[in-house]
Amino acid sequence: MPIKIVLENGEEGVYPDGTTCMDLYREKTADNKDLIAVLVNGKECDLNLPLAERNVISFVDFDSPKGAAIYRHSAGHILAHAVKRLYPTAKMGIGPAIENGFYYDFEFEEPISADDLPAIEAEMKKIIRERKPIRRHEVSREEAKGIFRAQNETYKLELIADLPEDTVISCYEQDDFCDLCAGPHLNHTGMVKAFKLTGLAGAYWRGDERNTMLQRIYGTAFPSSERLEQYLTLIEEAKKRDHRKLGRDLELFSLHDEGPGFPFLHNNGMIIWQELADFWRREHRLSGYEEIKTPLILNRHLWEQSGHWDHYHDNMYFTKIDDQDFIVKPMNCPGAMLVYGSKMHSYRDLPRRIAEMGIVHRHELSGALHGLMRVRTFTQDDAHIFMLPGQIEAEVAGIIGLMDHFYRIFGFDYRVELSTRPEKAMGSLEMWEKATGILEQVLQDKEINFKINEGDGAFYGPKIDFHLEDCLGRSWQCGTIQLDFQMPEKFDLTFIGEDGAKHRPVVIHRVVYGSMERFFALLIEHYGGAFPAWLAPVQSTVIPVTERSHDYARQVQLRLKEEGFRVNLDSRNEKVGYKIREAQLKKIPYMLVVGDREVENGEVAIRHRDKGDLGSGSINSFITDLKKEIAEKTI
RNA sequence: GCCGACGUAGCUCAACGGUAGAGCAGCUGAUUUGUAAUCAGCAGGUUGGGGGUUCGAUUCCCUUCGUCGGCUCCA
């Protein structure tokens, strides 16, 4: 019986029964080297799937995200296969593809170490050389249980037990290796051309810290060794932008054993910090914010009232003053609540946007600390907006606009997530649903792509989070907008409505940078330490060629200082090339070389760190240009 | 906090069961230099802290602190 199918481009075709997707592809094109899988009616399937009547077929290669994931997932199976050959008693956890690679979790009888990875890699290469066919089997729940019970794969049995009733359970088999898997997969193991095991780490079973810790093996795979090498080189290059390395090299900040998670900012870092803060203040005044400052340490009663004592206890630092318990603030909100509550409000006063660059301390788990990105004390560019319920949409929209404005200035791409009700939450379900609905609506109205993050909200309300990526593509939460119906309740906050009666305001907690420290770290990595002129700790350095031009160089420096620039003078007894090299390494935007020629003409020879020698020009025109560059925050 | 790895001079790294070495940085001197490193000399470390094994430890073991990669958590 011939079978009629439709290709993605609308082309139709009739094929004999038994024709597989792979056959079809071979007929359509001469080259099948990176073909991974097919989409049958939009669903990913194996290449050896026989064609069926009226199927709409399209092909998936490595260069689509789906294709890469399938390819790497197959590499993950080969990893598990190799592990089972070398360690027959190892139990398999899960092994998905992830961005840029894959991993597989195992429980070994005796923990393995990174030294064991080469042997596993060698076994994987063997499996690849064997070109074992990868076959799909659909099985009943009982059959599936039987298979994995026989292999003593207790984690797989747990997975099976949790599969919904109507799930089609499938196994993928290569040689004597069999894994519970929805698929699809490559046709045979030989299709994995290049891979590398990149790491070994602990990971809780199902991501729950109450569960056993398994050993996770990370790897990546590419269709050619060239592309693998390219990727590995890229990673090496990216590591050079690590803010921890640049922070030391450029004397931005330091970390010390004496204060784990408590960063020290140096002068260069402080200059950038102040620029960020100045910019922030200007923008917030423009957007109708007022600014306050609240104490670092406040009485325990306040934190009991706010709910932090119950919900945030493990993360707080405590101290005692005159036999009374005090808490080092982990959040700024209770302070802001007191400020709001310190006077009567009319509905005409709202919204009231109260900002605070607030320093908070949180006792984070030691293993979670990470340079400036994850610390135990940081400054939140916080604000609490007190408003009428009817003002929520407009305020949330306004903040999203402000957030976008900020991130654009720095040239950041960002990702948005909507976090919903966590397990440990205050307030009624209805309240949560309503609040979450409002946030979702605003995002949709603004046509912003976002991901829903179930159960990741704050204990007092749902939130919209803004994520930025570091040099290695790890995602960090920065901006956040959190809706809160709880705090006004807890602090009995009111405003007088049109009707003359007391009403409850709604509160939004929001940060734009998020944590100044984290944002700073991300900026360092984003620019690779080469800050735009408006942020650069030193904006230009004057380089006299010989001692003859030192007087002139000093005049140039003075003139630029008077114009408000941050400018150095390198009057050391060194050659020009040496001084330029040092200025380059410090990533100073402009180098002004002054020798006999410049002294004579009253000019400066301008060199830009990226554009190189720009020739000579008048000091005045340099001043004009640099002022413009700074004012416009040119990246 | 958990799993694994690591901790030698300011930085990057070397060595080794017999009390540590290089490059860069630093300091001193010479050199007066034109767009990414001038030359020479000097100085610099109780090998993260504590304990143990040993005739002897930086090297082996334990412990503790810290860092790194993950997990968990989160700005």
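Here is how names work: the chains are called A, B, and so on, in the same order as the sequence lines, proteins then strands, and each is numbered from 1. All values reported here derive from a predicted model rather than from experimental measurement.
- At least one side-chain heavy atom of A:Met516 sits less than 4.5 Å from a side-chain heavy atom of A:Trp273.
- In this entry the distance linking CZ of A:Arg216 with P of B:G70 reads 11 Å, nearest Å.
- A:Tyr513 comes within 4.0 angstrom of nothing in the nucleic acid, heavy atoms only.
- Base pairing of B:G4: its partner is B:C68, meeting the Watson-Crick or G-U wobble criterion (both donor-acceptor distances under 3.5 Å).
- The CZ-C1' distance, from A:Arg474 to B:A75, rounds to 16 Å in whole Å.
- A:Asp613 comes within contact range of at least one nucleobase, with a heavy-atom separation under 4.0 Å.
- If you check every strand for non-hydrogen atoms under 4.0 Å, A:Ala605 touches a base.
- Using a 4.0 Å heavy-atom criterion, one finds that A:Arg548 contacts the sugar-phosphate atoms exclusively.
- The aromatic rings of A:Phe106 and A:Tyr104 lie parallel to each other, with less than 30° between the two planes, well short of the 60° mark.
- Paired with A:Phe519 under the rule ring-ring contact (aromatic ring centres under 6.0 Å, His included), one option of A:Phe406, A:Phe279, A:Phe412 passes, and it is A:Phe412.
- Using a 4.0 Å heavy-atom distance criterion, A:Arg609 is classed as making no nucleic acid contact.
- Between B:A75 and A:Arg376, no contact under 4.0 Å exists linking OP1 or OP2 to a side-chain N or O.
- The residue A:Arg518 sits close to a base: some heavy atom pair falls under 4.0 Å.
- When the P atom is compared between B:G52 and B:C24, the two are found 41 Å apart, to the nearest whole Å.
- Distance noted for atom C1' between B:U38 and B:G45: 30 Å (whole Å).
- A:Val375 comes within contact range of at least one nucleobase, with a heavy-atom separation under 4.0 Å.
- For the pair A:His311 NE2 and B:C73 P, the interatomic distance rounds to 16 Å; values are reported in whole Å.
- Candidate nucleotides B:A75, B:C71, B:U38 were compared by shortest atom distance to the side chain of A:Gln482, and B:A75 ranks first.
- Phosphate contact (OP1/OP2 of B:U72, side-chain N/O of A:Arg210, threshold under 4.0 Å): absent.
- Contact annotation: A:Gln477 side-chain N/O to B:A75 OP1/OP2 distance is under 4.0 Å.
- When the side-chain nitrogen and oxygen atoms of A:Tyr578 are compared with OP1 and OP2 of B:A25, one or more of them lie within a distance under 4.0 Å.
- On a pure distance criterion of 3.5 Å, no polar donor-acceptor pair joins the side chain of A:Glu364 and the base of B:G1.
- Only the C1' atoms considered, B:G50 is 15 Å distant from B:G7, to the nearest whole Å.
- Rounded to whole Å, the P atom of B:C42 lies 25 Å from the corresponding atom of B:U47.
- Taking the centre and axis of the six-membered ring of A:Tyr317, the NZ or CZ atom of A:Arg362 falls outside the cone set by 45° and 6.0 Å.
- Relative to the six-membered ring of A:Tyr103, A:Arg216 meets both conditions, a distance below 6.0 Å and an angle of at most 45° to the axis.
- Regarding A:Phe102, its CZ atom lies at a distance of 16 Å from the C1' atom of B:G70, rounded to whole Å.
- Using a 4.0 Å heavy-atom cutoff across all strands shown, A:Arg244 reaches sugar-phosphate atoms only and no base atom.
- If you check every strand for non-hydrogen atoms under 4.0 Å, A:Met591 touches nothing.
- No hydrogens or angles were tested; on distance alone, a donor-acceptor pair under 3.5 Å links the side chain of A:Tyr204 to the base of B:G1.
- Rounded to an integer number of Å, the gap from NE2 of A:His243 to C1' of B:C68 is 13 Å.
- If you take NE2 on A:His308 and SG on A:Cys333, they are separated by 4.0 Å, rounding to the nearest 0.5 Å.
- Rounded to the nearest Å, the gap between the C1' atom of B:A43 and that of B:A22 is 15 Å.
- Judged by ring centres under 5.5 Å apart and planes tilted less than 30 degrees, A:Phe378 stacks against the six-membered base ring of B:A75.
- For A:Pro260, the side-chain atoms get nearest to B:G66 when compared with the rest of B:G66, B:G4, B:U35.
- Contact between A:Leu468 and A:Cys478 at its shortest, heavy atoms only, is CD1-SG, 3.7 Å.
- The partner of B:U38 is B:A30, by the rule that a Watson-Crick or G-U pair needs both atom distances under 3.5 Å.
- In this structure, A:His370 does not reach the B:U67 phosphate: none of its side-chain N or O atoms is under 4.0 Å from OP1 or OP2.
- A:Asp596 comes within contact range of at least one nucleobase, with a heavy-atom separation under 4.0 Å.
- Separating the P atom of B:C68 from that of B:A25 is a span of 27 Å, rounded to the nearest Å.
- Nucleic acid contact for A:Glu517: none, since no nucleic acid atom lies under 4.0 Å from a heavy atom of the residue.
- For B:A75, the OP1/OP2 oxygens have a side-chain nitrogen or oxygen of A:Lys463 closer than 4.0 Å.
- Counting to the nearest Å, the P atom of B:A36 and the CG atom of A:Asp610 are 14 Å from each other.
- Using a 4.0 Å heavy-atom distance criterion, A:Glu251 is classed as making no nucleic acid contact.
- A straight line from CG of A:Leu200 to P of B:C6 spans 12 Å, rounded to a whole angstrom.
- Across the strands present, B:A22 finds its partner in B:U12; the criterion is a Watson-Crick or G-U wobble pair with both atom distances under 3.5 angstrom.
- If you check every strand for non-hydrogen atoms under 4.0 Å, A:Ala201 touches a base.
- Among the protein residues, A:Ala368 comes within range of the nucleic acid bases, having at least one heavy atom under 4.0 Å from a base atom.
- One finds no side-chain N or O of A:Ser113 lying less than 4.0 angstrom from the OP1 or OP2 phosphate oxygen of B:G4.
- Between B:U12 and A:Arg248, a contact under 4.0 Å exists linking OP1 or OP2 to a side-chain N or O.
- B:G69 atom C1' lies 14 Å from atom CD1 of A:Ile217, rounded to whole Å.
- One finds the NZ atom of A:Lys579 at 9.0 Å from the OG1 atom of A:Thr541 (value rounded to the nearest 0.5 Å).
- Annotation: A:Asp610, atom CG; neighbour count of heavy atoms from other residues, nucleotides and ligands within 6.0 Å is above 12.
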